[in-house]
Structure formats: structure tokens, C-alpha cells
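Letters A, B, ... mirror the listed sequences (proteins, then strands); counts begin at 1.
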Amino acid sequence: MIKITFPDGANKSYESGVSGLDIAKSISHQLAKEVVAVKVDGEIWDAHRMIEKDARIQLFTFEDREGKGAFWHSSAHLMAEALEFFYPGVKLGIGPTIENGFYYDIDLPEGAVLTDSEFKKIEDKILELARQDAPYIRTEVSKSNALETFTTKGDQYKVELIQDLTDGTITFYRQGNFTDLCRGPHLPSTGYIKAIKLLSIAGAYWRGNEKNKQLTRVYAISFPKQKMLVEYLERLEEAKKRDHRKLGKELDLFTFSAKVGMGLPLWMPRGAQLRERLENFLKKVQKDFGYLPVITPHIGNKELYVTSGHFAKYGKDSFQPISTPQEGEEYLLKPMNCPHHCEIYNARPRSYKDLPLRFAEFGTVYRYEQSGELHGLTRVRGFTQDDAHIFCRPDQLKEEFLKVMDIVLYIFRVLKFDDFSTQISLRDQSDHSKYIGSDENWIKAENAIIEAVKAKGIDAVVEYGEAAFYGPKLDFMVKDAIGRKWQLGTIQVDYNLPERFNLEYKGNDNLMHRPVMIHRAPFGSMERFVAVLIEHTAGKFPLWLTPEQVVVLPLSDKFNEYAKKVSELLENSDIRSFVDERNEKIGKKIRDNELRKIPYLVIVGEKEQDEQLISVRKQGDGDKGTMKVEDLVKIIDQEIQQALVFKQ
RNA sequence: GCCGGUGUAGCUCAGUUGGCCAGAGCAGCUGAUUUGUAAUCAGCUGGUCGGGGGUUCGAAUCCCUCCACCGGCUCCA
């Protein structure tokens with residue numbers, strides 16, 4: 001007998017060789033049907049794998065992340081089996097699970113092409129295999145046997161994977177006639193898979209390396225119930241309605257023109273107003289935090305970027321230099337604001353008493369992004385950073401860094417971005433060739449960030465190899481409507497550019513010292529931030545940001561004059577309002593303005609005119625009754641004040 | 001840049017064995033209606049079927065090529 005301990009601390013004796021599934025059966029019939037994986041002493045196992053010694057266990061169903069992992073991983077194997085059926089000789093790469101589903105990278109036989117028109121028959125085949133309810137059988141194999149198996153099969157990708165594994169830890173899983181190299185865990189049998197949908201197809205380089213062969217990646221998702229698949233697809237459809245590219249068009253915020261050039265956004269009046277308000281909001285916050293405005297041109301002499309190191313790093317992958325017609329001097333479109341700001345610092349001698357200096361600029365920069373990378377407003381070739389560079393003494397670094405974090409967190413709070421994640425981006429641990437500057441400077445900079453994050457008590461993940469070439473950074477990431485992560489705010493500590501630009505200040509010891517630089521952009525870029533804001537709000541912007549706050553709807557053109565008067569009164573109280581004078585019925589005007597997501601609709605007819613009142617409707621919330629104009633002003637002022645209140 | 005897909009009116013979409021002047025709804029314009037809380041009615045305008053080339057008596061439809069967009073990969077100062 002062995003002793004099994006449950007998560008709540010309770011324990012129970014079972015015969016040796018009992019499985020997670022058996023244990024579930026002993027608890028309840030329902031649980032046994034749902035269990036798909038089990039954690040045994042911290043390791044995730046197959047639910048049907050035998051446990052042979054005392055252990056702490058935890059049972060997982062599809063609702064758990066661990067359960068989904070086993071479920072989707074097993075589905076990937078089944079998909080691979082179906083793909084082998086239709087494409088004999090197909091070579092298999094990796095088939096991992098992802099946040100929503102799984103994929104398998106495959107190398108199709110010479111001449112074969114997989115397109116989405118084949119999805120249906122592959123799905124059907126998978127379900128057919130699933131109905132056979134074949135068990136997933138785990139076997140431990142030696143490295144030499146494993147290599148032999150896949151060398152015989154001619155699958156060089158698996159061979160390559162096995163070569164990197166340590167002997168003694170290699171396992172195969174087999175279901176039906178299909179065997180795959182896999183750590184597991186897996187479902188007890190294929191019958192658990194009741195619904196599957198192939199989602200898309202993409203090229204993916206083997207091992208993520210551009211120099212390797214590009215394999216075909218098949219994305220799919222599966223569920224234990226058909227209904228769950230239907231719900232998932234519906235959710236996906238709903239999310240697509242929030243796509244900023246769709247809403248940007250519908251709400252007249254921005255557009256693109258192939259004639260202007262790909263990746264070069266054109267802000268329409270409503271979008272420009274929204275963006276301007278965001279900028280003014282941040283300007284005000286920054287003023288309170290002691291920032292000083294600076295303005296720099298859109299181009300800069302090539303030498304500037306040679307000095308900063310940007311040219312060596314990105315010169316080949318940038319828009320190429322333009323040159324003056326007479327002298328042949330080379331200029332680059334500005335890809336970064338920092339070199340310009342360094343030269344502003346250098347414009348005059350600085351004393352330790354001047355620091356910190358905080359130069360802020362909404363600086364528009366131009367970067368050559370690969371054509372396949374462009375994506376709405378989130379990835380463009382010309383964009384405006386809410387940039388600033390803080391030049392400070394080393395002893396001021398920590399405090400300055402924390403203050404920047406305060407700004408970022410404040411902005412996220414005001415705009416209700418509460419589902420963000422933070423990432424500390426450090427140097428690649430093994431390859432330092434991508435970076436400029438001394439090890440000593442890097443270590444100082446990396447430690448500064450780690451300490452600041454610790455001081456703020458923020459839960460950040462550490463990613464190696466994600467740093468900028470001149471310094472490490474702290475990034476704030478937010479997800480878009482369909483779950484893609486985008487970096488918004490960024491804070492970077494930099495000891496290197498001050499050296500390259502020979503920045504100095506005179507200390508109280510009468511000696512010259514080198515300042516430290518902080519690069520920071522709380523929004524990241526106006527383009528990307530607005531994109532994410534659109535998706536988060538589904539176009540229902542906060543009252544203080546929205547281009548039009550109130551629309552006045554006269555019941556018929558007899559009341560146009562009164563409507564105009566009401567609108568003027570609102571404007572006099574700094575409320576953005578306009579009159580919908582179209583010759584339409586009131587129902588039509590309400591519908592159209594609701595769809596345009598105007599926060600307040602004011603209806604005026606004979607009754608209102610006689611009593612000098614207004615009828616108010618709130619977007620998405622229906623009739624609010626009649627009131628005086630100043631009552632609405634009060635409601636709106638209050639709503640705005642509440643949104644902007646500074647809570648430390 | 002790479003893999004796969006898509007491209008018909010401002011928007012959403014019909015239009016496949018290649019065949020008369022390419023269609024609808026919404027938007028727009030004109031007129032009628034003077035309206036009480038999510039779509040009033042009628043008429044009209046609007047398209048080099050993404051561009052170019054080819055096959056054919058004939059191409060939105062088939063082929064080639066370029067462009068843009070969509071989903072990924074790689075990249076992201």
C-alpha cells in the first residue's frame with residue numbers, strides 16, 4: 001500500500017500501481033470522467049500512469065491550465081496522425097500547446113501543399129481516430145533506440161531533437177499506429193477529444209531561426225465538448241468586433257492609404273482630437289513631475305547615429321540616408337529621439353545642481369519595419385513616441401526610476417488598463433555581441449531596474465535577450481482584443497549613450513562626472529496606445545477623451561433653434577457637443593448616435609422647449625429622464641473628475 | 001523579408017461548367033414626411049471587378065506578375 005496526500009493535506013492509502021484516474025474514481029464518478037492529468041510530487045503525469053510510491057497528488061480537469069496542456073498536447077498527436085494519413089512521408093517538427101490550443105510544425109513531402117480547404121477532411125479524420133478511443137501508451141526508451149526509430153522513419157527534425165536530450169529521460173507516446181517523441185503527459189485515450197477545429201496555417205522557421213528551413217505550422221484547438229468549441233468560436237467573433245482596425249474605420253479615427261505608403265497612418269479629425277487629448281493629459285502629468293519640453297527635427301545627420309551606435313546596429317535595416325544635393329551630406333529619418341536629446345544636454349555645461357534634467361518630446365520617428373510585420377496602428381513605419389530622457393546623477397537613479405514607474409502606473413490606472421503585465425528585459429546571458437557598452441555598466445543598469453521593481457513590489461517576469469542594444473528595460477505589456485501581447489510603456493536605464501556622447505556635469509567636488517540616462521515612454525507610442533485603447537474600450541472612450549461628449553437631437557426641425565441653444569450652453573461649460581440636425585425620426589437619430597458611441601444623447605422637443613429642460617440618454621444605458629442643462633453639466637463634470645482623480 | 005490566404009460601389013457582401021449593358025442592403029444626394037427614445041418613404045448617383053500582362057470569339061470568373069490587406073514566422077532601437 002502507498003500513501004496518497006491530497007492538496008488539502010488529507011491522505012489516503014491505495015494499492016501500489018494506482019493511477020490518478022483510479023484515485024479520481026474512488027472520489028466520484030463525475031470527477032473520474034473529467035480528470036485528464038495529475039500532478040505527482042510536483043511533476044505533471046498522465047492520469048492513467050501508475051503511481052508506485054507515497055506521493056502528493058493534485059488532479060486536473062480540462063478547466064485547469066495543466067489539464068488543457070495534456071488535452072491539447074494529445075490532440076496535437078492525433079492531428080499529426082491524421083496528417084500522416086493524408087500526407088505519407090510528412091516529417092514532424094514540434095507540436096506544443098499554446099495559450100489557446102496547439103500547433104504542429106510539419107515538413108510536407110516534396111510538392112505537397114496544405115491549404116485551409118483541406119481543414120475539414122483533416123478534422124473529420126481526427127474525429128474518426130478519436131472515436132476509436134485508442135489509449136495513449138507511454139514507453140521509456142534509450143537514446144540510441146529513440147535515434148534509431150526516427151532515423152529509420154527519416155524524420156531528421158525528431159532526430160535533431162533527440163540528440164539534444166539526455167539519455168534516460170526520453171519517452172515515446174503511442175496511440176493507434178502513431179508514435180511520437182514526447183515528454184507527456186497525455187490523455188488516457190483519444191476518445192476524450194470530442195471537438196476539434198483547425199484554425200490557420202502559417203510558415204514557421206525550424207527552431208525559430210530564419211536561416212533554417214521554413215516548415216508549415218498548423219494551428220488548431222480542441223475541446224472535450226462540441227458546445228465548448230462553438231462558444232470559443234463565438235468569443236473569437238466577438239473579440240474581432242473590437243479590432244481597432246475595424247473600429248478605427250467605423251468611428252472615423254484613422255486610415256491608411258497605399259498611395260501615402262504602407263504603415264504610415266493618417267489620423268482623421270476624430271482620431272487626431274482623441275490623440276491630442278491624450279497628449280495634453282500626459283503633458284500635464286509630466287509638468288507636475290518636473291519635465292521640460294524640447295522639440296527636435298525629423299531628420300538628423302548620419303554622424304549623429306554613428307555616434308549613438310544606432311547606425312551600426314540598424315543602418316542596413318532602416319530607411320536609407322537622404323543626402324543634400326550640393327554637399328552630399330547624409331541625413332537619416334529620425335529613428336530615435338535620444339541622440340537629439342543628448343545634444344540638447346551637451347549644448348551647455350551642466351552642474352550637479354541642474355540634475356535631474358528631464359527632456360520630454362512627442363517625437364515622431366520613422367523605422368523600416370518589414371512589410372509582413374505591419375499591423376494596423378500597433379506596428380507602423382512612422383509613429384510618435386511620448387518620449388523623454390532623464391539625465392541624472394547616479395545617486396538619483398533609483399528615485400527617478402521609481403517616479404517614472406509612478407507615471408506609467410497612474411496612466412494605466414486612469415485608463416483602466418488593469419490587466420497588464422511587466423517584463424524586465426535583460427541582456428542575452430551567453431551572447432553579448434549584440435550590445436554596446438561595458439559589462440560593468442550593464443550590470444549596474446540591470447541591477448537598478450531589478451531593485452526598482454522590487455521596491456515597487458511589482459510582479460515582473462525576467463526575459464533574457466530582450467534588452468535594447470544600449471541598455472536593459474522594464475516593459476509594460478497589454479493584450480489586444482484577440483489576445484496578442486503588445487508592449488506599451490517602457491523604461492530603460494542607459495549608461496552607454498552618455499559615454500558615447502561624452503555627457504558630463506561638474507560635481508560638488510569640482511570634477512567632471514558622467515550622468516546616467518533613463519529613456520522612458522509611458523504610452524510607448526501614440527499609435528499603439530490608441531490602438532490598444534480602442535480595443536479595450538470597444539470604442540466607448542472615457543468621457544474626458546472622447547471627441548464628442550454630447551449630441552443634441554431635436555425631435556423635428558422645429559426645435560433646431562432650441563437644440564442649438566442647448567448645445568451652446570454645454571459648450572460654454574466646456575462640454576463638447578453638437579446638434580444632429582438631420583431630417584430624420586428621433587429613433588433613427590438615437591440609433592445612429594448610439595452606434596457612434598456618443599456618451600450622452602440629449603433629446604429636445606416641444607415639452608423640453610416649453611419648460612427649458614432637456615431629456616437625457618446615456619450611451620448603452622437608455623433614458624435618464626428630463627433635467628436642466630446645468631444638471632447634465634454637473635453629471636459630466638463629476639464623471640470626468642472621478643476618472644482623473646490621482647490615487648497614489 | 002518568408003509561408004498561407006484574401007482583394008467586386010465609401011461600408012458589408014451576392015455574382016464558379018468563362019457568355020447579353022456587373023447586383024443587393026447600408027451610407028451619400030434629391031424630394032416627400034415634421035416626427036417622442038435603437039432603422040419613415042420614394043427617386044437618383046456611385047464600380048478601370050486591386051494594377052499590369054496573357055489564354056480565349058468572349059474574362060470579375062482561367063494562367064503569370066506586381067501591389068495592398070489578413071493570419072502566422074522572423075524582426076522590433
Trainee: Please confirm whether the shortest side-chain N or O distance from A:H375 to OP1 or OP2 of B:C76 is below 4.0 Å.
Mentor: no

Trainee: If you check every side-chain atom of A:L595, which of B:C73, B:C75, B:A38 has the closest atom?
Mentor: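 The answer is B:A38.
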
Trainee: Within the structure shown, what part of the strands sits under 4.0 Å from A:Y219 by heavy-atom distance: base, sugar-phosphate, or nothing?
Mentor: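 Sugar-phosphate contact only.
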
Trainee: With a 3.5 Å cut-off and just heavy-atom distances, do the side chain of A:R379 and the base of B:C76 make a donor-acceptor pair?
Mentor: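 Indeed there is one.
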
Trainee: Give the minimum heavy-atom separation between A:F119 and A:L198, together with the two atoms involved.
Mentor: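 Taking A:F119 first and A:L198 second, the nearest heavy atoms are CD2-O, 3.4 Å.
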
Trainee: Is a donor-acceptor contact shorter than 3.5 angstrom present between the side chain of A:Q214 and the base of B:C2?
Mentor: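 Such a pair is found, so the answer is yes.
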
Trainee: When the distance from CD of A:E369 to P of B:G72 is rounded to whole Å, what number comes out?
Mentor: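 For the pair A:E369 CD and B:G72 P, the rounded distance is 17 Å.
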
Trainee: Base, sugar-phosphate, or nothing: which does A:R245 touch, judged by heavy atoms less than 4.0 Å apart?
Mentor: sugar-phosphate

Trainee: Quantified in whole Å, what is the P atom distance between nucleotide B:U61 and nucleotide B:U17?
Mentor: 14 Å

Trainee: Measure the distance from CG on A:L108 to C1' on B:C3 and round it to the nearest whole Å.
Mentor: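 Atom-to-atom, A:L108 to B:C3, this comes out as 11 Å.
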
Trainee: Quick check for you: among B:C75, B:C73, B:U37, whose closest atom lies nearest to any side-chain atom of A:R217?
Mentor: B:C73

Trainee: Under the salt bridge (Lys or Arg N to Asp or Glu O under 4.0 Å) criterion, do A:K607 and A:E611 qualify, and how do the steps go?
Mentor: CA-CA 6 Å; A:K607 261 190 320 196; A:E611 297 170 38; over 6 Å; no

Trainee: Just how far, in rounded Å, is C1' of B:G36 from CD of A:Q609?
Mentor: 14 Å

Trainee: Choose from B:C2, B:G4, B:A77 the nucleotide whose nearest atom is closest to any side-chain atom of A:Y205.
Mentor: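 Ranking B:C2, B:G4, B:A77 by closest atom to the A:Y205 side chain puts B:C2 first.
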
Trainee: In whole Å, I'd like the distance from the NZ atom of A:K241 to the C1' atom of B:C11.
Mentor: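 Nearest whole value for this atom pair: 16 Å.
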
Trainee: How does RNA chain B look in dot-bracket form if you count Watson-Crick and G-U pairs under 3.5 Å, write [ ] for pairs that cross, and put | where a base pairs with another strand?
Mentor: (((((((..((((.....[...)))).(((((.......))))).....(((((..]....))))))))))))....

Trainee: Which residue lies toward the 5' end of RNA chain B, A:Q487 or A:L215, if each is placed at its nearest nucleotide?
Mentor: A:L215

Trainee: Please give the distance between the P atoms of B:G51 and B:C67 as a whole number of Å.
Mentor: 15 Å

Trainee: How many whole angstroms separate atom CG of A:L374 from atom P of B:C75?
Mentor: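 Taking atom P of B:C75 as the reference, CG of A:L374 is at 16 Å.
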
Trainee: Touch check for A:S615, heavy atoms < 4.0 angstrom, all strands: base, sugar-phosphate only, or nothing?
Mentor: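 It contacts base atoms.
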
Trainee: Near A:F578 CZ, under 6.0 Å, is it more than 12 heavy atoms from other residues, nucleotides or ligands?
Mentor: yes

Trainee: Give one of base, sugar-phosphate or nothing for A:K607, where a contact means two heavy atoms less than 4.0 Å apart.
Mentor: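 Since a base atom lies under 4.0 Å of A:K607, the category is base.
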
Trainee: Quickly work out the A:R596 CZ to B:A39 P distance and round it to whole Å.
Mentor: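 So the CZ-P distance, A:R596 to B:A39, works out to 18 Å.
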
Trainee: From B:A77, B:G72, B:U37, pick the nucleotide closest to the side chain of A:A468?
Mentor: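 The answer is B:A77.
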
Trainee: Do A:E499 and A:N441 have side-chain N/O donor and acceptor atoms under 3.5 Å apart?
Mentor: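 Yes.
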
Trainee: Considering every strand and a 4.0 Å limit on heavy-atom distances, what is the contact class for A:K473: base, sugar-phosphate, or nothing?
Mentor: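 Sugar-phosphate: the residue A:K473, judged by heavy atoms under 4.0 Å, touches backbone atoms but no base.
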
Trainee: Under 4.0 angstrom, heavy atoms only, what part of the nucleic acid is A:K585 near: base, sugar-phosphate, or nothing?
Mentor: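 It contacts base atoms.
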
Trainee: Once you apply a heavy-atom cut-off of 4.0 Å, does A:H519 come out as touching a base, just sugar-phosphate, or nothing?
Mentor: nothing

Trainee: Would A:Y314 count as stacking on B:A77 if stacking means ring centres less than 5.5 angstrom apart and planes tilted under 30 degrees?
Mentor: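 Yes; centroid distance and tilt both under limits.
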
Trainee: For the C1' atoms, the ones on B:C20 and on B:A59, what distance do you get once it is rounded to whole angstrom?
Mentor: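 Taking atom C1' in both B:C20 and B:A59, they lie 15 Å apart.
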
Trainee: Counting the atoms with a prime plus P, OP1 and OP2 as sugar-phosphate, which does A:Y103 contact under 4.0 Å by heavy atoms, base, sugar-phosphate, or nothing?
Mentor: nothing

Trainee: May I ask you to check whether A:Q549 and A:T546 show a side-chain donor-acceptor distance below 3.5 Å?
Mentor: no

Trainee: side-chain contact (heavy atoms from CB on, under 4.5 Å) between A:T422 and A:F476: does it pass, once the steps are laid out?
Mentor: CA-CA 5 Å; A:T422 48; A:F476 295 79; 3.4 Å; yes

Trainee: Counting the benzene-type ring for Trp, do A:Y368 and A:Y314 have ring centres under 6.0 Å apart?
Mentor: no

Trainee: Base, sugar-phosphate or nothing for A:E584? Non-hydrogen atoms, less than 4.0 Å.
Mentor: base

Trainee: Categorize A:I586 for me: base, sugar-phosphate, or nothing, with a 4.0 angstrom heavy-atom threshold over every strand shown.
Mentor: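 Sugar-phosphate, backbone atoms only, no base.
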
Trainee: If you take atom types as modelled and just measure distance, does the side chain of A:Y368 reach the base of B:G1 with a donor-acceptor pair under 3.5 Å?
Mentor: no

Trainee: How would you label the contact of A:E606 with the nucleic acid (heavy atoms, under 4.0 Å): base, sugar-phosphate, or nothing?
Mentor: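 Result for A:E606 = base.
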
Trainee: Verify the contact: side-chain N or O of A:R484 to OP1 or OP2 of B:G72, cut-off strictly under 4.0 Å; return yes or no.
Mentor: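 Checking B:G72 against A:R484, a side-chain N or O does come within under 4.0 Å of OP1 or OP2.
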
Trainee: Is a donor from one side chain sitting under 3.5 angstrom from an acceptor on the other, for A:E608 and A:T626?
Mentor: no

Trainee: Nearest-Å distance, CZ (A:F119) to C1' (B:G71)?
Mentor: 10 Å

Trainee: For the residue pair A:T490 / A:Q492, report whether a side-chain donor-acceptor contact shorter than 3.5 Å exists.
Mentor: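 A:Q492 vs A:T490: donor-acceptor pair found between side chains.
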
Trainee: Using a 4.0 Å heavy-atom cut-off across all strands, classify A:G208 as base, sugar-phosphate, or nothing.
Mentor: sugar-phosphate

Trainee: Between the side chain of A:N337 and the main-chain N/O of A:D387, is any donor-acceptor distance below 3.5 Å?
Mentor: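 A pair under 3.5 Å: no.
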
Trainee: Look at all strands and tell whether A:E210 reaches a base, only sugar-phosphate, or nothing, counting heavy atoms closer than 4.0 Å.
Mentor: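 Since only primed, P, OP1 and OP2 atoms lie under 4.0 Å of A:E210, the category is sugar-phosphate.
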
Trainee: Atom CG of A:D116 and atom C1' of B:G72: how far apart are they, to the nearest Å?
Mentor: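 Spelled out: CG on A:D116 to C1' on B:G72 is 13 Å.
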
Trainee: Quick check for you: among B:C3, B:C69, B:A77, whose closest atom lies nearest to any side-chain atom of A:Y470?
Mentor: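 The closest nucleotide is B:A77.
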
Trainee: For the base of B:U35, is there a side-chain donor-acceptor partner from A:S556 under 3.5 Å away?
Mentor: no

Trainee: So A:S371, base contact, sugar-phosphate only, or nothing? Heavy-atom distance under 4.0 Å.
Mentor: base

